[in-house]
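Single-structure report; data block below.
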Amino acid sequence: MSSASQSRPWDVHCLPSAEGRNFLVTGGNAGIGYFVAEQLAATGAVVVLGSRDAAKAEAAMASIRSRVSGAHVRHLRLDLADLSSLKTAVDRLKLDHLDAVVHNAGVALDDPPRRETEDGHELMFGTNHLGHFALTQWLAPLLSAASAGRVVTMGSLAARSERLDLGDLQSTEDYRPKRTYGRSKLAQMCFGFELDRRLRAVGSTVVSVVAHPGGALDSLTPSRPPVRVTTPGERLRALPAGLLVQGKDAGAWPAVRAVLDPDVRGGQLWGPRVFGLRGVPRCEPVPSHMADRAVASRLWAASGELTGTDPHLGFRFR
């Protein structure tokens with residue numbers, strides 16, 4: 001972290017103005033993504049909520065507008081599980097530049113049966129990683145057109161204890177939902193770090209940053225009806241857990257800082273200050289298994305083959 005950010009404390013409740021800037025938050029209609037969108041909307045930026053469900057997106061935008069006076073929020077129909085739809089979705093953005101995208105949307109399955117996307121990929125790996133990987137290519141021109149574009153990838157603590165099986169990325173041989181989810185988030189995080197290395201190699205003005213929310217529980221999250229209602233009973237029962245973890249509103253803070261703070265640098269990992277579980281955001285050391293360049297390079301090649309993307313994801317030297 002730079003000395004500037006150390007001498008000027010970041011205030012999660014008093015964010016800098018971002019008027020004139022455009023942000024896209026995938027999965028911005030619910031959960032942590034909703035709070036990322038709400039907090040970014042308070043900066044005066046245009047915030048686009050990427051979501052498959054128009055009704056849920058409308059509810060989220062109504063909630064944001066009720067809390068942020070003059071909020072500039074839009075919905076983009078975005079289905080990360082359907083790779084063929086992504087270029088058309090990005091064309092519908094109708095923007096001349098994009099200052100940041102937050103790769104937040106994710107699928108988590110608890111039930112044992114393995115499911116697949118429209119393209120025949122395992123659903124969690126296909127949506128959480130491959131969908132965002134492919135989306136990045138179509139967003140590359142808009143990100144490159146910004147003065148300092150950022151790709152912020154939302155990881156998870158679930159990735160810390162996992163390791164990628166490069167011979168079975170889609171869990172066809174051994175499918176266990178929690179492990180497959182953790183590996184899909186690990187793939188996302190490895191991608192975020194590898195993307196920044198490749199952006200630096202071609203002299204791009206765009207940077208890639210990885211964030212994670214720590215321990216973020218619905219029961220500790222403030223209500224945002226009709227998006228989500230947390231009952232007093234739920235909050236009361238969750239109070240002991242609040243000593244260790246936090247709500248999804250606070251879980252959004254690391255990603256929001258990764259988008260807005262001018263002192264954030266590409267290739268960094270941002271998470272909560274207290275044991276990586278709760279508190280204000282800080283820059284963390286990158287775990288060695290997420291920084292493994294050989295694994296990341298093989299993952300990149302496999303992802304490109306599975307998605308049919310350009311090897312450089314559309315980024316070129318300016």
Side-chain angles (χ1 to χ4, degrees), residues 1 5 10 12 15-16 18 21-28 31-43 45-50 76 78 80 90 93 95 97-106 128-129 131-140 142-144 146-157 159 185-200 204-214 216 248-272 280-284 286 290 313 315:
M1 190 187 301
S5 60
W10 180 263
V12 296
L15 300 175
R21 297 167 73 187
N22 303 315
F23 304 134
L24 168 63
V25 182
T26 71
I32 291 169
Y34 167 84
F35 286 99
V36 171
E38 182 183 278
Q39 290 166 30
L40 290 177
T43 67
V46 173
V47 181
V48 183
L49 280 61
L76 176 70
L78 185 67
L80 293 164
V90 171
L93 272 173
L95 296 173
H97 73 280
L98 184 66
D99 295 278
V101 57
V102 181
H103 287 333
N104 162 83
N128 303 355
H129 171 59
H132 284 118
F133 184 90
L135 177 64
T136 304
Q137 171 177 280
W138 303 120
L139 293 176
L142 293 176
L143 290 162
S144 298
S147 59
R150 294 188 182 184
V151 178
V152 177
T153 299
M154 182 69 85
S156 169
L157 288 176
K185 298 303 290 186
L186 175 56
Q188 276 192 272
M189 296 172 84
C190 289
F191 160 67
F193 296 124
E194 178 68 7
L195 175 61
D196 193 72
R197 287 190 287 267
R198 293 181 182 234
L199 289 169
R200 302 288 66 75
S204 176
T205 57
V206 181
V207 300
S208 174
V209 186
V210 180
H212 75 87
K248 293 189 173 180
D249 54 328
W253 292 344
V256 170
R257 184 167 186 175
V259 168
L260 295 173
D261 189 345
D263 293 323
V264 167
R265 296 291 175 259
Q268 290 181 335
L269 172 63
W270 286 80
V280 296
R282 62 155 186 163
C283 186
E284 299 181 0
V286 179
M290 296 181 189
L313 283 192
F315 292 102

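Here the structure is a predicted model, which is why all the values come from computation and not from measurement.
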task = Write down the atom of A146, the atom of T205, and the distance for their closest heavy-atom approach.
result = O-OG1, 4.2 Å
message = With heavy-atom distances below 4.5 Å as the criterion, would you say the side chains of P272 and P254 are in contact?
response = yes
remark   = Nearest heavy-atom approach of A258 to V209 is CB-CG1, 3.9 Å
key: CA sep, side-chain torsions, deciding dist, call: L24, L139, side chain to side chain contact (heavy atoms under 4.5 Å, CB included)   = CA-CA 10 Å; L24 168 63; L139 293 176; 4.0 Å; yes
query = If we only count heavy atoms from C-beta on, is the F23 to D99 side-chain gap below 4.5 Å?
reply = yes
task = Could you tell me whether the side chain of R282 and the main chain of W270 form a donor-acceptor pair under 3.5 Å?
result = no
query = Are the side chain of Q39 and the backbone of V36 linked by a donor-acceptor contact shorter than 3.5 Å?
reply = no
request  = Determine, stepwise, if the pair S156 / H212 fulfils side chain to side chain contact (heavy atoms under 4.5 Å, CB included).
outcome  = CA-CA 5 Å; S156 169; H212 75 87; 5.8 Å; no
remark   = Nearest heavy-atom approach of L80 to A105 is CD1-CB, 3.7 Å
message = Pair H132, T153 - check side chain to side chain contact (heavy atoms under 4.5 Å, CB included), show working.
response = CA-CA 9 Å; H132 284 118; T153 299; over 6 Å; no
task = For H97 and S147, test the side chains for any donor-to-acceptor distance below 3.5 angstrom and give the result as yes or no.
result = no
note = Closest non-hydrogen contact found for V48 with L76 is CG1-CB, 3.6 Å
query = Do V25 and L49 come within less than 4.5 Å of each other through their side chains, counting heavy atoms only?
reply = no
ask   = With sequence neighbours left out, what residues match A140 under side chain to side chain contact (heavy atoms under 4.5 Å, CB included)?
value = F315
key: Minimum side-chain heavy-atom gap V46-R21 below 4.5 Å   = no
inquiry  = I'd like to check M154 versus Q188 (side-chain heavy atoms, cut-off strictly below 4.5 Å). Are they in contact?
reply    = no
query = For the residue pair F191 and H129, does the interplanar ring angle fall in the parallel (under 30°), tilted (30 to 60°) or perpendicular (over 60°) class?
reply = perpendicular
message = Please find the pair of heavy atoms, one from L260 and one from A18, that lie closest to each other, and give the distance.
response = CD2-CB, 4.0 Å
ask   = Rounded to the nearest 0.5 Å, how far does CZ of R257 lie from CD of Q268?
value = 9.0 Å
request  = Take V151 and V207, measure what side chain to side chain contact (heavy atoms under 4.5 Å, CB included) needs, and give me the verdict at the end.
outcome  = CA-CA 6 Å; V151 178; V207 300; over 6 Å; no
key: Spacing of CD1 belonging to I32 relative to CH2 belonging to W253, to within rounding of 0.5 Å   = 12.5 Å
Flag side-chain contact, heavy atom, 4.5 Å: V259 against R150 = no
message = Just verifying a value: how many Å separate L95 CG and N22 CG, rounded to the nearest 0.5 Å?
response = 4.5 Å
remark   = Sorted by chain and residue number, the side chain to side chain contact (heavy atoms under 4.5 Å, CB included) partners of A42 (sequence neighbours excluded) come out as V68
query = Below 4.5 Å, heavy atoms only, C-beta onward: do L142 and L93 meet side chain to side chain?
reply = yes
message = Please give me the minimum heavy-atom distance between G155 and P213, naming the atom from each residue.
response = O-CD, 3.5 Å
key: Qualifying residues under side chain to side chain donor-acceptor pair (under 3.5 Å), relative to D249, sequence neighbours excluded   = none
message = Any side-chain to backbone donor/acceptor pair from D196 onto S208? Under 3.5 Å, distance only.
response = yes
request  = Side-chain contact test, heavy atoms from C-beta onward, threshold under 4.5 Å: evaluate it for D263 versus W10 and give yes or no.
outcome  = no
